[in-house]
Amino acid sequence: MRIGIIGYGNMARALAGRWVKEHEIMLSGRNLDKAAEAARSLNIKSGSIAEAAGFGEVVVFATHNAAVFDAIEQAGGARAFADKVVIDINNPIDTKTFLTTRTDGLSLTEAIADALPGAYVGKAFNMAQARVWADPDKSFDGRAMVTPYTADEAADEMLATLIADVGSEPLRLGGNEHAYKLEAAAAIVIQVLFAGGDAHTVLNLIRPEAKPIR
Ligand SMILES: NC(=O)c1ccc[n+]([C@@H]2O[C@H](COP(=O)([O-])OP(=O)(O)OC[C@H]3O[C@@H](n4cnc5c(N)ncnc54)[C@H](OP(=O)(O)O)[C@@H]3O)[C@@H](O)[C@H]2O)c1
């Protein structure tokens, strides 16, 4: 499928690097030179935010959280996303307090869905660090990494496919009314990572190594 990615940072490059074998990808951003440089290293296309929104059957928002709404404007507004699958990977989390930056009671994903009434929206890839997504091997002791996600019914199949294509097992939590749980879970992940946690095992409820409890 054709995937337009808005952003050319850590997450944009990590996901593009895993999808590139099976899909056509365009990276994009405000700075066309930086977008082109990031795209060159993966041998994929680059363009403006509006071009990436036009290119993708799937459009991935890989900007910082509030920047999503700037990016929608830069793409030409909601009509640029009509009938597209839109994937929100962002975490609206303050990295000083590790609390949500949302103030209206909606998850960022629901706010995006409200701003893009013609699009089919989902959230995924927010709960692990970019280096985990970039890693070609997502198995641990031979067991697959599971990626929880939320999606409108019409976006479900594409999200599940794109999760499988990075080498992980999709786990649908439900529609985007469940996305706030992904954002809250990511806040725990980010808090533990900032305290020195390991990117690959951060939210394991079983310790990765044998260690006496007392
Ligand atoms: N890094 C991770 O491990 C990780 C893991 C899971 C989820 N996430 C989430 O993924 C998102 C991206 O993280 P990242 O680490 O990839 O960030 P990053 O490396 O800093 O890249 C951010 C991208 O967003 C663009 N951007 C920022 N403000 C913008 C605006 N107003 N309009 C258009 N583009 C704008 C930046 O381009 P400019 O050069 O134009 O600023 C850059 O291309 C964040 O929301 C984060 O919470 C990150």
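Just so you know, ligand 1 is whichever comes first in the structure, and atom 1 is the first atom listed for that ligand.
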Exercise. Can any side-chain N or O of Asn31 pair as donor or acceptor with the backbone N or O of Lys34 at less than 3.5 Å?
Worked result: yes
Please tabulate, one pair per line, all N/O donor-acceptor pairs under 3.5 Å involving side-chain atoms of residues 125-133, not counting sequence neighbours.
| unit_1 | atom_1 | unit_2 | atom_2 | d |
| --- | --- | --- | --- | --- |
| Asn126 | ND2 | Asn91 | OD1 | 2.9 |
| Asn126 | ND2 | Leu182 | O | 3.0 |
| Gln129 | OE1 | Arg131 | NE | 3.2 |
| Trp133 | NE1 | Phe125 | O | 3.1 |
| Trp133 | NE1 | Ala128 | O | 2.9 |

Exercise. Charged N to carboxylate O under 4.0 angstrom, Glu24 versus Arg2?
Worked result: no
Donor-acceptor list for residues 153-165 side chains, cut-off 3.5 Å, not counting sequence neighbours:
| unit_1 | atom_1 | unit_2 | atom_2 | d |
| --- | --- | --- | --- | --- |
| Asp156 | OD1 | Tyr149 | OH | 2.5 |
| Thr161 | OG1 | Glu157 | O | 2.9 |
| Asp165 | OD2 | His23 | NE2 | 2.7 |

Exercise. Which other residues belong to the hydrophobic cluster containing Met26, where Ile, Leu, Val, Met, Phe, Trp and Tyr are joined when side-chain heavy atoms lie under 4.5 Å apart, directly or via other members?
Worked result: Phe55
Exercise. Got a salt bridge between Glu51 and Lys45, using NZ or NE/NH1/NH2 to carboxylate O under 4.0 Å?
Worked result: no
Problem set entry | Under 4.0 Å from ligand 1 - residues by heavy atom, chain and number | Gly7, Tyr8, Gly9, Asn10, Met11, Arg30, Lys34, Ile49, Ala62, Thr63, His64, Asn65, Ala67, Asp70, Gln74, Ile89, Asn90, Asn91, Phe125, Asn126, Ala128, Gln129, Ala130
